[in-house]
Structure formats: structure tokens, C-alpha cells
Amino acid sequence: MPLVSIVDVRKSFGSNEVLKGVSLPVERGDVVAIVGRSGSGKSTLLRCINGLESHDSGTITVDGLEVGGAATDMRVLRRQVGMIFQQFNLFPHLTALGNVMLAPRIVLKMGEREARDIALDMLAKVGLADKRDNYPSQLSGGQQQRVAIARALAMRPMALLCDEITSALDPELINEVLRVVETLASEGMTLMLVTHEMRFARDVGTKLVFMHQGRVHEEGPPKALFAAPQTLELQQFIGASRA
Amino acid sequence: MADFSLWVIVSNLLLAARWTIALSLIAFVCGGVVGLLLLFARISGVRLLERFVFLYVEFFQGTPLLMQMFMLFFGVALFGVEISPWMAASLALTLWTSAFLTEIWRGCVKSVPLGQWDAADSLGFNFVDLMRYVILPQALRISVPPTVGFLVQVVKGTALASIIGFVELTRAGTMINNATFRPFLVYTIVGLIYFALCFPLSLLAKSLERRLNAAR
Ligand SMILES: Nc1ncnc2c1ncn2[C@@H]1O[C@H](COP(=O)(O)OP(=O)(O)O)[C@@H](O)[C@H]1O
Ligand SMILES: [Mg+2]
């Protein structure tokens with residue numbers, strides 16, 4: 001059974017149908033790169049997986065738990081699925097360490113010591129052990145995003161959802177974040193990442209998903225798809241992002 | 001002789017001002033607690049609760065405080081319940097204050113970026129913890145200046161309690177005037193005492209706001 005299973009999911013905002021029957025199985029260890037034009041429903045799809053948005057029909061399950069199901073405690077489900085955002089969304093009133101420790105302390109009800117140890121481990125993992133006492137406003141965009149990754153990892157999630165996590169970064173800061181993601185991928189973390197980094201999608205992704213007008217328009221192994229896109233829309237999309 | 005009576009006037013007014021301060025504090029502390037609970041209800045996502053608080057706020061913001069005191073003082077008596085002017089004034093001011101604070105604080109909570117809610121939700125926080133550890137610490141910072149500023153309105157609002165017979169600063173002024181027939185002197189002193197209570201609060205609110213803007 002796939003770790004994340006998405007079956008015929010639909011979602012509308014008012015009369016605007018944003019997801020028009022999306023199906024996608026994600027196996028453990030998959031690195032799913034989701035690409036597509038702005039407005040094609042990529043963010044909405046990710047946000048439906050951890051219930052930040054509720055879908056209208058179809059089913060999403062994460063490790064057997066049905067998202068939005070009557071028997072599912074969404075807070076338990078969310079602990080298993082980390083999310084990283086374009087705008088980092090660090091807590092500005094807490095230090096880097098405070099940001100990473102908070103959820104283990106409060107949500108997982110860990111002791112201060114244990115949470116602190118895990119948080120320091122995670123900060124070290126993203127290469128920011130020395131920045132633990134800095135507030136987000138004292139960090140560069142790339143550093144903030146790495147703290148955000150550490151914050152998500154501290155919950156020991158089974159999968160990470162990354163929504164354009166390098167899009168708000170200056171070009172010279174993009175690589176430090178991608179390198180962290182690549183390490184996670186090589187360690188077997190299940191990743192779903194919406195990205196505009198085509199080369200990263202091709203080199204690190206195990207599966208490419210091209211979203212177009214609320215549907216999975218084309219999917220397959222990234223290298224094969226980039227070499228020979230089957231649909232006109234993906235051809236155009238790849239052509240446009242090369243330019 | 002004149003000096004002596006001036007001293008009597010001032011000391012009596014200052015004594016009465018204690019009740020103005022007491023009433024203000026009660027209204028502010030109780031109104032703050034009720035306001036916080038209403039704030040939680042207002043943003044709980046439970047439609048019925050949100051609707052109730054919306055109407056509550058509209059009612060207390062949309063009708064005169066004086067009328068609210070009358071309704072409590074005389075209205076409750078209609079049901080055969082004795083209520084002292086002190087109780088009626090405290091209750092009315094508490095309800096009135098809570099309505100305004102709820103609305104002020106809701107604005108502050110709404111000004112915390114949506115990404116903060118997303119981040120906390122995606123980490124699995126429950127509503128109370130999300131508020132306590134993520135949203136309120138940020139909202140609190142921006143809420144201090146308008147909250148202190150509103151305290152000025154509360155202090156002035158207590159003057160209305162004089163009309164239902166509670167002896168605070170304004171009521172004491174009226175009584176002393178009735179005895180001394182020196183309205184200009186008496187009400188000037190009353191005004192100065194109110195000013196001495198409110199002006200520091202205004203200054204504090206302004207300086208807090210400046211400091212907050214500088215910190216950005
Ligand atoms: N909270 C929302 N309310 C209303 N419309 C929304 C909301 N979020 C997204 N949309 C709309 O849904 C469509 C898809 O958005 P999104 O999933 O963000 O696309 P993408 O991430 O692919 O750019 C867009 O037309 C957008 O305007
Ligand atoms: Mg998006």
C-alpha cells in the first residue's frame with residue numbers, strides 16, 4: 001500500500017474547481033517532483049494532503065489514515081507529514097532552536113532536555129548548529145528555510161511536503177537548501193516537492209508529475225519525461241522553463 | 001477659610017477618585033478576562049460561537065454605555081433582583097470593556113500572517129496550544145498600545161456610573177458642588193483629576209507604539 005494515496009480528489013474554491021480528479025500513489029522513499037504552471041493546483045494538492053485545505057470528494061490516505069475521515073485525528077496525521085513553505089513561516093518570536101524545539105515540546109509533549117537534543121541534532125543536520133540562538137530576522141533566507149526544514153524534521157515525519165521552498169530565495173542561496181533536500185532524499189525520506197528547479201527535479205526526483213488545469217496531465221520517471229514529453233502541454237512547459 | 005474649603009474639596013474628590021480607579025481596574029481586569037474568552041470564541045471556527053460573539057460585540061459597541069447601565073440597574077430590578085449601583089456599574093463596564101477589547105485583540109490576531117497558522121497547523125498543534133505558543137505571543141506585542149489607549153476610554157466611561165447613583169469622582173463632584181455652589185472650581189478639579197489619570201496612559205500608549213514601530 002502506498003504511503004500516500006490520492007484517489008480522484010476534487011476541490012473547489014467557490015465555483016472555481018481547482019483539483020479536477022487527481023489520483024497519485026506515493027510509495028515510501030519516493031521523491032515526487034510536482035511541476036506545472038502557476039494556478040494549476042499544485043499548492044492546493046499539497047495542502048489537501050495534510051488537511052490544511054479540505055478536499056470535496058475522493059480519498060487521500062497517509063499511512064492508512066484517511067485525511068478528513070471521521071476516525072482520523074488530523075493532528076496525529078499532521079505529525080507524520082511535515083510541511084515546508086515558500087515563505088519559511090518561522091515563528092519570529094522564537095530563536096532557531098526555539099522554533100525547532102517547540103512542536104516536540106508541546107505537540108509530542110517531550111521533556112525539555114529530549115526536545116532540545118533532538119532540535120540540536122536537526123539544526124546540525126541542516127548545518128546551522130552555530131545559529132541556534134539567532135532569531136529568524138537575523139538569518140538569511142537560505143538559513144531560515146533550513147531552520148524550517150529542521151523544524152519539520154524534529155517531528156520525525158514519514159513524509160515531507162515542500163511547496164516551492166526555494167522560490168523566495170536569492171539565486172545564490174538556493175543550492176544550500178537543495179543540498180539539504182538532496183541529502184534527505186538519499187536517506188530515503190519520502191518527499192513531495194512542488195518546484196521550479198527543473199534540473200533538481202530531473203536529477204533527484206524518482207517521479208515527475210506535471211499538473212495542468214487541476215489534473216495530473218502527465219507523470220512518469222523524470223529523465224524519460226524530460227527527454228521525451230508525451231503531451232504538447234508538457235513540451236511547452238519544459239521549453240518555457242529552459243528559456 | 002477659602003484655603004481650607006479648597007483643601008476639603010480636593011481631598012474629598014481625591015477620595016472619590018479611588019472609586020473611579022477601582023471601577024476602572026475591575027472593568028479592565030474582568031473585561032480583559034471576558035474579552036480573552038470571547039476572542040477565543042470569536043476565532044474558534046465554530047460558526048455558532050463566532051456568530052454569538054459578533055452580535056455581542058455589535059450590541060455593546062452599537063449602544064450607549066449609559067443605556068447599558070440603565071438596562072442592568074433598572075432592568076434587572078424588574079425581575080425582582082436587587083442590584084447595587086456598584087454591582088450594576090461594574091457589570092456594565094465589564095461587559096462593555098470586554099466587547100471593545102475582543103474587537104481590538106481580534107484585529108491584532110488577524111494581523112499575524114496566515115503562514116504562522118499554516119506552520120503551526122502542519123506541525124500538529126491543537127487550537128489552544130497554537131494560540132498560546134504561536135499566535136498570541138505575536139499578537140500580544142502589537143496589542144499593547146491600542147489596549148493601553150483603550151484604558152483611557154474605560155476611565156472616562158466610569159463617569160457614567162454617577163448617573164445610577166454610584167459615588168465615584170463625577171458623582172462626588174456633583175455632591176460637593178451642591179454643598180459649596182462653586183461649580184467652576186469643583187468641576188475644574190474633577191477634570192484635572194481625570195486628566196491626571198488619563199494623560200499618563202495616553203503618553204504610555206503613544207510611547208509603546210513608537211517603540212513597537214521602531215522595533216520592526
Ligand atoms: N484559499 C483560496 N481561496 C480561493 N481560491 C484559491 C485559494 N487557494 C488557491 N486558490 C485558487 O486555486 C487555484 C490553484 O491555486 P494553487 O493551488 O495555489 O496553484 P499553484 O500552486 O499551482 O500555483 C488558483 O486559481 C488560485 O487562485
Ligand atoms: Mg503554489
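Proteins get letters first, then strands, A, B, ... in listed order; numbering begins at 1 in each. Any value given below was found using the heavy atoms of this structure, including those in side chains, with hydrogens, waters and symmetry copies removed.
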Please check if atom CZ in Phe199(B) has more than 12 non-hydrogen atoms from other residues, nucleotides or ligands closer than 6.0 Å.
no
Got Met83(A) and Asp118(B) here, is their nearest side-chain heavy-atom distance under 4.5 Å?
no
Which heavy atom in Ala119(B) sits nearest to a heavy atom in Phe91(A), and how many Å separate them?
CB-CE2, 4.0 Å
Can Arg78(A) and Asp121(B) be said to form a side chain to side chain contact (heavy atoms under 4.5 Å, CB included), step by step?
CA-CA 8 Å; Arg78(A) 282 172 179 165; Asp121(B) 276 338; 3.9 Å; yes
Could you grab the distance from atom CG of Asn89(A) to atom CG of Leu123(B), nearest 0.5 Å is fine?
10.5 Å
Can you pull out the residues in residues 154-171 of chain A with any heavy atom less than 4.5 Å from chain B?
Met155(A)
Using non-hydrogen atoms and a 4.5 Å limit, figure out which bit of Arg47(A) sits close to chain B: side chain, backbone, both or neither.
side chain
I need the minimum non-hydrogen distance between Arg75(A) and Gly124(B), along with the two atoms involved.
CD-O, 3.5 Å
Nearest 0.5 Å please: distance from the NE2 atom of His93(A) over to the CD1 atom of Ile135(B).
8.5 Å
When Asn50(A), Leu90(A), Asp73(A) are compared by non-hydrogen pairs under 4.5 Å with chain B, the top option
Leu90(A)
Other residues, nucleotides, ligands: >12 heavy atoms within 6.0 Å of Met110(A) CE
yes
Greater than 12 external heavy atoms within 6.0 Å of Leu78(B)'s CG
yes
Measuring heavy-atom distances to chain B, does Phe85(A) have an atom under 4.5 Å in its side chain, in its backbone, in both, or in neither?
side chain
Give, for atom CG of Asp129(B) and atom CZ of Arg105(A), the distance between the pair rounded to the nearest 0.5 Å.
11.0 Å
Less than 4.5 Å to any heavy atom of chain B: does that hold for the side chain of Leu102(A), its backbone, both, or neither?
both
Is it true that, when you exclude Glu187(A) itself, more than 12 heavy atoms of the residues, nucleotides or ligands shown sit nearer than 6.0 Å to its CD?
yes
Hey, is CE on Met71(B) packed in by over 12 heavy atoms from elsewhere, all under 6.0 Å?
no
Heavy-atom pairs under 4.5 Å with chain B, option from Val81(A), Ile84(A), Ile106(A) with the top count:
Ile106(A)
With a 6.0 Å cut-off (strictly less than), is the heavy-atom count around CZ of Phe79(B), excluding the residue itself, greater than 12?
no
